[in-house]
2 protein chains.
Amino acid sequence: MSPSHIHVPTDCRTVTEILSRVGDKWSVQVVVQLGEGPKRFNELRRLVTGISQRMLTLTLRGLERDGLVTRTVYPTIPPRVDYQLTDLGCSLLKTVRALGDWAIQNRDEILAARRRFDEAGVSDFERERSDAA
Amino acid sequence: MSPSHIHVPTDCRTVTEILSRVGDKWSVQVVVQLGEGPKRFNELRRLVTGISQRMLTLTLRGLERDGLVTRTVYPTIPPRVDYQLTDLGCSLLKTVRALGDWAIQNRDEILAARRRFDEAGVSDFERERSDAA
DNA sequence: CCGTATCCTTAGCGATACTG
DNA sequence: CAGTATCGCTAAGGATACGG
């Protein structure tokens, strides 16, 4: 029995590792698309704009490995493969959407902060430069 | 006036960009530590195990740029710099914790799925190999 | 104490070409 | 259609050394 009330390093590692999946370039977008219902490979490829065939494959494999999507092969000709969110995948989608909502709600504030920071940085630079002038 | 009810690509980009901050290797850990209260540079360095000085600097700069933390310099000798979560940073922390809780709650299921997937992959391999034998 | 600058290694990703 | 294989680039990150 593992003591779940104390904060073991192992937990941090695992959490970080799982978080990094959310942070990678494509996983979230794929999961969001699959949230609309099962999709075929090339269907996803069209929906997730900009993704390469290679990265779609790798992303789907990763999600499948973690038990977030299922992969169903219909041995027809031409072949047809359906990807679909598992219950686990659905629950992740919900949590991730919360983060997405946060991002949308605070997007303006963040962008404003960035502009302020960048301008301040520039003017610090400019100060030195104009001291010389 | 931007139509906020339709799903413009720009929004996706911004959301993805902000999500990538959560996914990067150190930001979340730093934010979590700062959730305990203001911290000094080397204090954070000790708390966030494994982070290099360089990456702590870069991470803090990024967070500061996005308006998630404030940086306060006390021009004493030796110098002292305090980092502290802004309101925006606190609200991010809350949302991120939800994701962290999800990760903890589903960690066993994910790890189990991974083992299954990996073993299945191996046995597919093994099938070919033992066919030859 | 709090950084910055430099070098170097790896991991992520895209482009392209090929296969069942 | 749904992939795999290979190559090459670039961005992220670690180690180390130096500076205010």
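Everything quoted here is computed from the prediction, not taken from an experiment. Just so it is clear: chains get the letters A, B, ... in the order the sequence lines come, proteins before strands, and each one is counted from 1.
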Does the A:N106 side chain pair with the main chain of A:E109, one donor and one acceptor, at a distance under 3.5 Å?
-> no

Do B:L68 and A:I104 sit in the same hydrophobic cluster, where Ile, Leu, Val, Met, Phe, Trp and Tyr count as joined when their side-chain heavy atoms come under 4.5 Å apart?
-> yes

Give every donor-acceptor pair under 3.5 Å between a side-chain atom in residues 55-62 of chain B and any protein atom, sequence neighbours left out.
unit_1, atom_1, unit_2, atom_2, d
B:T57, OG1, B:Q53, O, 3.1
B:T59, OG1, B:M55, O, 2.6

Establish whether B:F41 and B:L47 are linked, either directly or via other cluster members, by ILVMFWY side-chain heavy-atom contacts under 4.5 Å.
-> no

Can A:R116 and A:D118 be counted as an ion pair, charged N to O under 4.0 angstrom?
-> no

Rounded (10°) bend between the five-pair end axes of the helix from C:dC1-D:dG20 to C:dG20-D:dC1 | 40°

Have a look at B:R45 and say if it touches a base, only the backbone sugar-phosphate, or nothing, with a 4.0 Å heavy-atom cut-off.
-> nothing

Can any side-chain N or O of A:N42 pair as donor or acceptor with the backbone N or O of A:R45 at less than 3.5 Å?
-> no

Hey, does B:P79 have a side-chain heavy atom less than 4.5 Å from the side chain of B:V73?
-> no

What does nucleotides 4-20 of chain D look like as a protein-contact string, B for base, S for sugar-phosphate only, - for none, at under 4.0 angstrom between heavy atoms?
-> B-B------BBB----B

Which side-chain N or O atoms in residues 95-103 of chain B pair as donor and acceptor under 3.5 Å with protein atoms at least two apart or in another chain?
unit_1, atom_1, unit_2, atom_2, d
B:T95, OG1, B:S91, O, 2.9
B:W102, NE1, A:S91, OG, 2.8

Send over the distance from A:R40 CZ to D:dA2 C1', rounded to a whole Å.
-> 9 Å

Round to a whole Å and report the spacing from CG of A:N42 to P of D:dG3.
-> 9 Å

Contact interval (first through last nucleotide) of DNA chain C with protein chain B, 4.0 Å heavy-atom | C:dC1 to C:dT6

Respond yes when some side-chain nitrogen or oxygen of A:Y83 is under 4.0 Å from OP1 or OP2 of D:dG3, and no when none is.
-> yes

Return the set of residues passing side-chain contact (heavy atoms from CB on, under 4.5 Å) with A:R114 (not counting sequence neighbours), or none when no residue passes.
-> A:I110, A:L111, B:E17, B:R65, B:D66

Are more than 12 heavy atoms from other residues, nucleotides or ligands located less than 6.0 Å from atom CG of A:D108?
-> yes

